[in-house]
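Chain identifiers are assigned alphabetically (A, B, ...) following the order of the sequence lines, protein sequences preceding nucleic acid strands; residue numbering begins at 1 within each chain.
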There are 2 protein chains.
Amino acid sequence: MEPKYKQILETIKKQIIDGKYPAGSMIPDQNTLARDFKTSRMTVKKALDMLAIEGFIYSKRGAGTFVKKNALAQKDALPVDSYRGLSSQFSKARVKSEPIVFDVTFPTSEIKERLELKQNEPVYEILRLRFVDDEPYALEHTFMPISLVPNLSQEVLFGSIYAYLTKEIHLEIGGAFRKISAEKASKNDIKYLASAETDPILQVEQVVYLQDGRPFEYSISRHPYNGKHAYTIFDRKN
Amino acid sequence: MEPKYKQILETIKKQIIDGKYPAGSMIPDQNTLARDFKTSRMTVKKALDMLAIEGFIYSKRGAGTFVKKNALAQKDALPVDSYRGLSSQFSKARVKSEPIVFDVTFPTSEIKERLELKQNEPVYEILRLRFVDDEPYALEHTFMPISLVPNLSQEVLFGSIYAYLTKEIHLEIGGAFRKISAEKASKNDIKYLASAETDPILQVEQVVYLQDGRPFEYSISRHPYNGKHAYTIFDRKN
DNA sequence: CAGTGGTCTAGACCACACC
DNA sequence: GTGTGGTCTAGACCACTGT
């Protein structure tokens with residue numbers, strides 16, 4: 001059984017998308033909604049709070065709750081989960097992966113620090129060339145502690161590592177820290193991404209954390225300069 | 001009077017930072033906390049939910065509420081408000097701005113679309129070179145509808161536009177959409193940012209929205225390649 | 001002033017984890 | 001089973017907006 005506040009949330013969201021509450025208009029007050037949905041005001045409030053977080057509405061004390069002018073732009077917005085890997089951004093059929101390096105090593109001091117490793121725990125080192133629609137999309141250099149993923153097979157590398165981690169093993173992703181920069185093309189970029197020597201490279205360096213805060217993956221992705229693949233985000237103030 | 005849930009939130013946050021609840025440990029259950037804080041469980045729950053959003057703790061139904069392993073890393077984390085401008089990232093004294101262009105024009109079709117302008121409303125066009133610690137930090141090309149900011153003076157451009165907008169006028173920022181890419185250096189980059197012709201440029205293109213969803217600023221910032229200034233974010237799954 | 005949203009209470013029942 | 005967090009109720013009081 002889905003919680004009642006989620007049902008209310010979905011109902012109102014659908015009504016906004018369907019145009020029952022146009023952009024800029026006020027939606028019914030919380031007491032009215034509570035009566036209409038045969039529930040308490042607290043439950044309505046929770047639904048409205050979530051809708052505000054999703055970017056559809058905003059509330060002003062003393063005035064009312066209003067549909068945002070650009071509410072409809074939110075309706076196709078992805079939740080923030082690009083660290084789940086490429087497969088959630090693009091349909092699985094369009095993504096291919098070609099492993100270049102798959103090794104087990106001792107981490108350098110920088111990687112040890114990023115992954116908060118205590119002693120000299122070994123890590124996987126994975127270098128993969130990733131394709132979207134058969135075009136090079138990124139060169140991914142990934143490090144993961146072996147202790148967290150004891151049985152990673154080379155086979156998995158051809159597909160989505162994240163699908164394997166969340167389905168096969170029981171790992172819950174909590175968030176990711178990312179650093180995005182523009183870099184000069186390296187030899188590997190020229191070799192694998194077909195970059196020219198003077199092409200700029202978009203680099204995304206990230207540490208992915210589990211729900212309990214343990215770092216779980218450190219990776220550097222390098223994207224070719226082709227005018228197609230930029231990094232996009234929507235920051236919302238709450 | 002600050003709401004009670006915020007006081008509870010701050011108290012527990014301080015206790016985590018002070019080491020009363022070490023990383024990985026369980027904090028007292030909600031009923032106990034409600035008794036200790038002389039409040040209801042719902043109020044405690046709200047405080048804990050906010051603490052989870054801030055990245056300090058996580059809860060598991062049936063098990064308990066735990067301090068994240070990297071909770072302390074959150075204690076200096078900035079809230080997501082870099083669209084408030086540079087002055088919130090760096091102390092005001094370190095930031096300088098040099099206006100290059102300050103004009104009023106009719107928008108191109110692309111800018112009209114980004115700012116969702118109906119007719120041919122005029123916009124400000126502002127080109128500013130921004131310095132941090134007297135080094136070129138970014139070349140900012142900004143467009144704002146005149147209708148939203150009727151009285152922007154050239155004087156304001158030397159400082160922080162955002163400080164002026166939120167303090168002098170009564171404008172509330174709601175969020176921003178950003179697109180980050182790596183680009184080749186243009187003539188302007190070479191001229192103002194002292195970039196070499198082969199240097200990559202980190203470009204941040206953004207549309208900033210007001211709380212009610214109206215787009216309010218469209219800007220393109222170009223950052224020089226000096227290994228110092230990357231774009232960083234922390235995505236949290238909630 | 002009336003109407004709105006923000007917070008809070010003191011309970012209740014349920015779903016889930018762990019033993 | 002016991003203890004935990006997730007949801008929900010039916011009220012209440014307060015802060016703020018707009019007239």
Side-chain angles (χ1 to χ4, degrees), chain A residues 1-12 16 21 24-68 169-172 174 210-213 237-238, chain B residues 1-12 16 21 24-68 169-172 174 210-213 237-238:
Chain A
M1 181 61 173
E2 215 173 36
K4 196 176 282 188
Y5 74 86
K6 272 194 187 160
Q7 299 173 28
I8 297 171
L9 185 161
E10 293 300 333
T11 303
I12 298 178
I16 291 173
Y21 305 126
S25 66
M26 195 174 108
I27 71 177
D29 67 274
Q30 296 176 356
N31 284 306
T32 303
L33 288 173
R35 249 198 338 270
D36 290 355
F37 284 105
K38 298 191 199 322
T39 185
S40 69
R41 203 184 131 210
M42 283 292 282
T43 302
V44 166
K45 175 73 165 40
K46 174 138 191 172
L48 295 181
D49 283 347
M50 308 290 286
L51 261 180
I53 288 175
E54 291 188 27
F56 285 88
I57 60 175
Y58 66 100
S59 296
K60 278 176 89 88
R61 185 198 305 227
T65 300
F66 305 88
V67 179
K68 281 200 183 189
I169 314 180
H170 182 56
L171 287 182
E172 289 193 79
L210 298 179
Q211 200 186 48
D212 68 5
K237 261 200 67 173
N238 291 309
Chain B
M1 182 62 173
E2 219 177 31
K4 197 176 281 189
Y5 75 86
K6 271 194 187 159
Q7 299 174 26
I8 297 171
L9 186 162
E10 293 300 334
T11 303
I12 297 177
I16 291 172
Y21 306 126
S25 66
M26 194 173 108
I27 71 177
D29 67 273
Q30 296 176 357
N31 284 305
T32 302
L33 288 172
R35 250 197 339 270
D36 290 356
F37 283 105
K38 300 191 199 322
T39 185
S40 70
R41 204 185 130 211
M42 283 292 282
T43 302
V44 166
K45 175 75 167 36
K46 173 136 191 174
L48 295 182
D49 284 348
M50 308 289 286
L51 261 181
I53 288 175
E54 290 188 27
F56 285 87
I57 60 175
Y58 65 101
S59 296
K60 280 174 89 88
R61 179 192 289 203
T65 299
F66 305 87
V67 179
K68 282 200 183 190
I169 314 180
H170 182 55
L171 287 181
E172 289 193 78
L210 298 179
Q211 199 186 47
D212 68 5
K237 261 197 67 171
N238 290 312

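- Contact check, B:K4 against C:dT9: a side-chain N or O comes under 4.0 Å of OP1 or OP2.
- For the pair A:I27 CD1 and C:dG5 C1', the interatomic distance rounds to 11 Å; values are reported in whole Å.
- Taking NZ of B:K46 as the reference point, atom NZ of B:K6 lies at 9.0 Å (rounded to 0.5 Å).
- Judged by distance alone, with hydrogens and angles left aside, the side-chain atoms of A:Q30 form no donor-acceptor pair with the main-chain N or O of A:V44 at under 3.5 Å.
- Of the side-chain N and O atoms in B:K45, one or more sit less than 4.0 angstrom from OP1 or OP2 of D:dG6.
- Put simply, NZ on A:K4 and OG1 on A:T43 are 7.0 Å apart, with the number rounded to the nearest 0.5 Å.
- Between B:Y5 and C:dC8 there is no side-chain N or O to OP1 or OP2 distance below 4.0 Å.
- Considering CD of A:E172 and NZ of B:K60, their distance stands at 5.0 Å, rounded to 0.5 Å.
- The nearest whole Å value for the distance from the CD atom in A:Q7 to the C1' atom in D:dT7 is 12 Å.
- Atoms CZ and OG1, on B:R41 and B:T32 in that order, are 11.0 Å from each other to the nearest 0.5 Å.
- For the pair B:K46 and C:dT7, the criterion of a side-chain N or O lying under 4.0 Å from OP1 or OP2 is met.
- Separation of atoms CD1 (A:I27) and OG (A:S59) is listed at 7.0 Å; rounding is to 0.5 Å.
- Between the C1' atom of C:dC16 and the OH atom of B:Y58 lies a distance of 16 Å, rounded to the nearest Å.
- Look at CD on B:Q211: it is 12 Å from P on D:dT17, rounded to the nearest Å.
- Taking atom CG on A:L48 and atom P on C:dT7, their separation rounds to 13 Å, with Å as the unit.
- Under the 4.0 Å criterion applied to side-chain N and carboxylate O atoms, B:K68 and B:E54 are not assigned as salt-bridge partners.
- Residue A:F66 holds its CZ atom at 10.0 Å from CG of B:D212, rounded to the nearest 0.5 Å.
- Taking atom CE of A:M26 as the reference point, atom C1' of D:dG18 lies 11 Å away to the nearest angstrom.
- Protein atom CE of B:M50 is 11 Å distant from nucleotide atom P of C:dC8, rounded to whole Å.
- The residue among A:K6 and B:M1 whose nearest nucleotide of DNA chain D is located toward the 5' end is A:K6.
- Axis orientation changes by 20° from one end of the helix from C:dC1-D:dG18 to C:dC18-D:dG1 to the other, with each end axis drawn from 5 pairs and the value rounded to 10°.
- The only member of B:L48, B:T65, B:V67, B:I57 that meets side chain to side chain contact (heavy atoms under 4.5 Å, CB included) when paired with B:I12 is B:L48.
- The side chain of B:R61 approaches D:dG6 more closely than any other nucleotide in the set D:dG6, C:dG5, D:dT4.
- Within residues 28-44 of chain A, the residues that place at least one heavy atom under 4.0 Å from DNA chain C are, in residue-number order, A:D29, A:Q30, A:R41, A:M42.
- Which of D:dG5, C:dC8, D:dC14 sits closest to the side chain of B:S59 comes down to D:dG5.
- As rounded to whole Å, 7 Å separates atom P of C:dG6 from atom CG of A:D49.
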Checklist entry - Is there a side chain to side chain contact (heavy atoms under 4.5 Å, CB included) between B:T39 and B:Y5 once you walk through the steps? => result CA-CA 9 Å; B:T39 185; B:Y5 75 86; over 6 Å; no
